[in-house]
Structures are given as C-alpha cells and as structure tokens.
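First up is the structure itself, then whatever we jot down about it.
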2 protein chains.
Amino acid sequence: MARTTDTRERVLQAALESFGGPGYEATSLDDVAAELGVSKQTILYYFPSKAALLDAVIDLSAAELAGALEDAVASSPPGWPRIEAVVRSVFRLALRRPELLGLIREVTRLGPPAATRLTDDLEPLVVRARGFLEAEMAAGHMRRSDPRLVLMSAYSTVIGVATEVEVLRAVGVEPGMKAMVRRRTELLDFLKSALVVPGSEPTST
Amino acid sequence: MARTTDTRERVLQAALESFGGPGYEATSLDDVAAELGVSKQTILYYFPSKAALLDAVIDLSAAELAGALEDAVASSPPGWPRIEAVVRSVFRLALRRPELLGLIREVTRLGPPAATRLTDDLEPLVVRARGFLEAEMAAGHMRRSDPRLVLMSAYSTVIGVATEVEVLRAVGVEPGMKAMVRRRTELLDFLKSALVVPGSEPTST
DNA sequence: CGCGCCACTTACCAGATGGTAGAGAATGGG
DNA sequence: CCCATTCTCTACCATCTGGTAAGTGGCGCG
C-alpha cells in the first residue's frame, strides 16, 4: 500500500520537473513515463488527463512553496528581517528545487485555468503578506505605498532574479552557487533601499 | 514585388503575436496560417522551418525593442530622467504591443538556441546600459553596486510588472489602462528608491 | 479455492504536427 | 510566343499526441 502512494508521488515529482523545466506543452506524457520507467497509462491511471496532472502538480508546488514561506515567517521577527528571511528561503528553493519556481513561472504564462488554480492556492499567502506590509507601513518601518503593487514588484524581482538564468547570462553573470549568493545579497540591498524607511529598522519589533 | 515583402511581413507579425501570446510550442504553423488566411506551405516557403520562423521573429522583436529604447535614451538627459524614460517606453510597449514583451519572456524560457540568438541581438543594448549605470555610479548619482546585477534586478522587475497580468489579478489588481499607469508610477518610485542617491538628482546633467 | 480489487500493462486509435513533393497561376524578359 | 522565376496552392506523409479499451498478474479475504 506504500507502493500505491509511491508511484503516484514519483509521477508527480517527475511531472513537476518537466513542467517546471522544459514546460507543459513541451512535455509529453510519454516523456514523463519514460523517465520513470513506467508506461504512459500508469500516469493516466492516477490522473485522468494531462490537465489533471498539471492541477495536481500545481497543488503540490503551491503547498511546498507555502510551507517554505511559512517556515521563514515563523522563524523571523517582523520587520525587515522577515523580508530578508523570506527572500533567503526563495533563493534556497531556487537552488534546491529550481523546477518549483520554474513551474510557478510556467503556470502564470499558461493562463487560466491553470493560473487560476495556482492563484487560488496561494491566495491566503498573498493576503497575509499584504497584511504584513500594511502593518509595517502603518508602523512607519516601510515606505507608504500600495501594498499590492509593492508585493507585485517584489515578487517579479525575486522570481526573476532567482530563475532567469538565460537573462543573467545575457548581462554577463555566469550561473553558479557563488554568483547566486552575490545576486541574493545584491537583491536584498535593492529591496531594502526600495522598501525600508531609513533609520527605522533598529527599533523595529 | 511589394507583394512578396507584404506576405512575409504578415507572417512574421502573426507569428510574433502567437509566439509571444500562447507560446511557441502552443502555436502550430497551421494556426498561424489560418489566422492569415493562407496555407501552411506559404509560411514554409518564406521560412524553411518553424525554428527558422522563430529566429526571424526574434530578430524582428529585438530590433523593435532596441529601437524603442534608443528613442527613449535619445530623447532624455542622463541620470534618473533617462531611466524613467526607458521604463515609460517599456510600459508603452506593454500596452501597445504586449506580444513583444511576451515573446522576450517566452524566448528566455525556451533556452538555447533561441535564447542565445536573442541575447546576441540585444548584447549591444546591454553593454550600453551597463556603461550608463557605471557612469552614473561614478558620478555619485546612483548607489554603488554591481551594474550587472542592478540591471538584472531592474529587468526582472520591469518585465515582470509589465507582463504578469495573471499574477496582478491574483494580488487584486485588475488589468486596464488606469491600473497600468498606477503600476508604472509605483514601479518608478520603487526603482528610484532603490537606485538613486538621495539629493543627487537635481544636480545631474 | 475463488472472487474481486488494485496496480499496471499491451494494443490501439483519431487527430494534430512539422515537413516534403510537386503542380498551377501570374509575371516579365528575350 | 515561350521560357523561367516567383509565389501560392493541393495532396500527402511519418511521427507524435492525449486518450480509450481491454486485459494481466498478484494479493487479500470469504
């Protein structure tokens, strides 16, 4: 009975890697099956269609992302350190599970209905993040502006910097762990400059 | 003889819209042909293969993007106003030719060899941008940091904000011209805070 | 034993895909 | 008038796609 769950999860994992890497359309069910050493029908046994498989992969990814962010939030005090912790955890994900961020990127590209499912999954996270930003702004730790748009800018920047390897190569940055660390540092500076009210952080809660 | 160029350009245009919208793999040559009211073989007469068509579309897009940015640079003084002009021109593109930014996003996702061609096309632009940032930093108008990474962050943010309509919807921002203007304003604030050394801009050239 | 359920397979299919072969119309130059 | 070139078409094809139908073997349970 462990077997049952085992295959199902292996399918999910392989699909996540392919959908988040080469992409959804670029991946055939045969590809996924071949990589697992099973037949395509085994996949269709667990998931009635390719679209259903994508849905399941989205749910899985959203849950994993949410988990990582929850951990980052829970283990950091409010204020700038929390933002830093969240960005660090996203970069850790970019290193350890690049396919996960790749999938998120891919899904936003695919549009509805996949994108809708993802955003539904992540909505609670967004709500909490917005609340956090509002509180920080109200407390005077952060520049006053529309939290939704700040969230949007920060999201785009973090995902972009963490995933756009090709673009990085274009601007002359070679990928690698050391470069990734430097990028993270640079990005944190960038965000800090953009968000934090100077002189307010040492006194934050 | 005008005829010749005409069909060819219409093919290019239709392909740009499809590749930059639904995506490269999601678009069949028959789709493009149907939208133009010609047969698929007409496309294959001008472009030997789908990949070759993509290459041509990439060149076209890179040229148009470069043109828009050149204009923005030429019509603005150095310093912060130039950055603002560039961001504005990208947003104008996002409104008037969304498929163009979509294509760039798509190509960076596809990876080599398409991505390589795009980055080759845009390399001169990147070099100039880097030079500009270095000069601004040297003049003390901009925070000192690695220009390549600043460029990367700015690119991710601008492209992200200008293209990720789905994500925007997720955080509660409905697309539309008014919303777009607000996003642009917010983004400019964001970038300005992140990049500009306070008090330095009034004295810039 | 034997019945049925679970996990998985082989066999198959209809439709779409990128691409080839080659013919038909229009044009223009000798 | 005829040939050659340019452009576009119809006809066709091998391959791959997601998905269906129909089993097969094993394991637990009465």
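Since this is a predicted model, take the numbers as computed values, not measurements. To find a chain, count down the sequence lines: A is the first, B the second, and so on, and within it residues start at 1.
In this structure, the CD atom of A:Glu25 is 14 Å from the C1' atom of D:dG18, given to the nearest Å. Here the P atom of nucleotide D:dT17 and the NZ atom of A:Lys50 are 8 Å apart, to the nearest Å. Between the CZ atom of A:Arg8 and the C1' atom of C:dC8 there is a distance of 16 Å, rounded to whole Å. Computed from coordinates, the B:Ile43 CD1 to C:dT20 P distance equals 14 Å when rounded to whole Å. Atom CZ of B:Phe47 is separated from atom P of C:dG18 by 15 Å (rounded to the nearest Å). Atom NZ of B:Lys40 is separated from atom C1' of D:dC13 by 10 Å (rounded to the nearest Å). Rounded to an integer number of Å, the gap from CG of A:Asp6 to C1' of C:dC6 is 15 Å.
OP1 or OP2 of C:dC8 has at least one side-chain nitrogen or oxygen of A:Tyr46 nearer than 4.0 Å. A close approach under 4.0 Å does not occur between any side-chain nitrogen or oxygen of A:Ser49 and OP1 or OP2 of D:dG18. Contact check, B:Ser39 against D:dT8: no side-chain N or O comes under 4.0 Å of OP1 or OP2. Within the 4.0 Å cut-off from OP1 or OP2 of C:dA16, not a single side-chain nitrogen or oxygen of B:Ser28 is found.
Figure legend: A:Lys50 and A:Tyr24 shown as a cation-pi pair, the cationic atom lying under 6.0 angstrom from the six-membered ring centre and within 45 degrees of its axis.
In this structure, A:Asp55 contributes its side chain and A:Ala52 its backbone to no donor-acceptor pair below 3.5 Å. Side chain of B:Ser18 to main chain of B:Ala15: no donor-acceptor pair is present (N/O by atom type, distance under 3.5 Å, no hydrogens or angles).
At a threshold of 4.5 Å between non-hydrogen side-chain atoms, the residues B:Arg148 and B:Arg130 count as touching.
A donor-acceptor pair shorter than 3.5 Å can be found between the side chains of B:Glu186 and A:Ser145.
Out of C:dG19, D:dG18, D:dT8, the shortest distance to the side chain of B:Leu44 is found at C:dG19. Here the side chain of A:Gln41 is nearest to one of D:dT8, D:dG19, C:dT17, namely D:dG19. Side-chain proximity of A:Tyr45 to D:dG19, C:dG19, C:dC6: nearest is C:dC6.
Judged by closest nucleotide on DNA chain D, B:Thr42 is the one of B:Thr42 and A:Asp30 placed further toward the 5' end.
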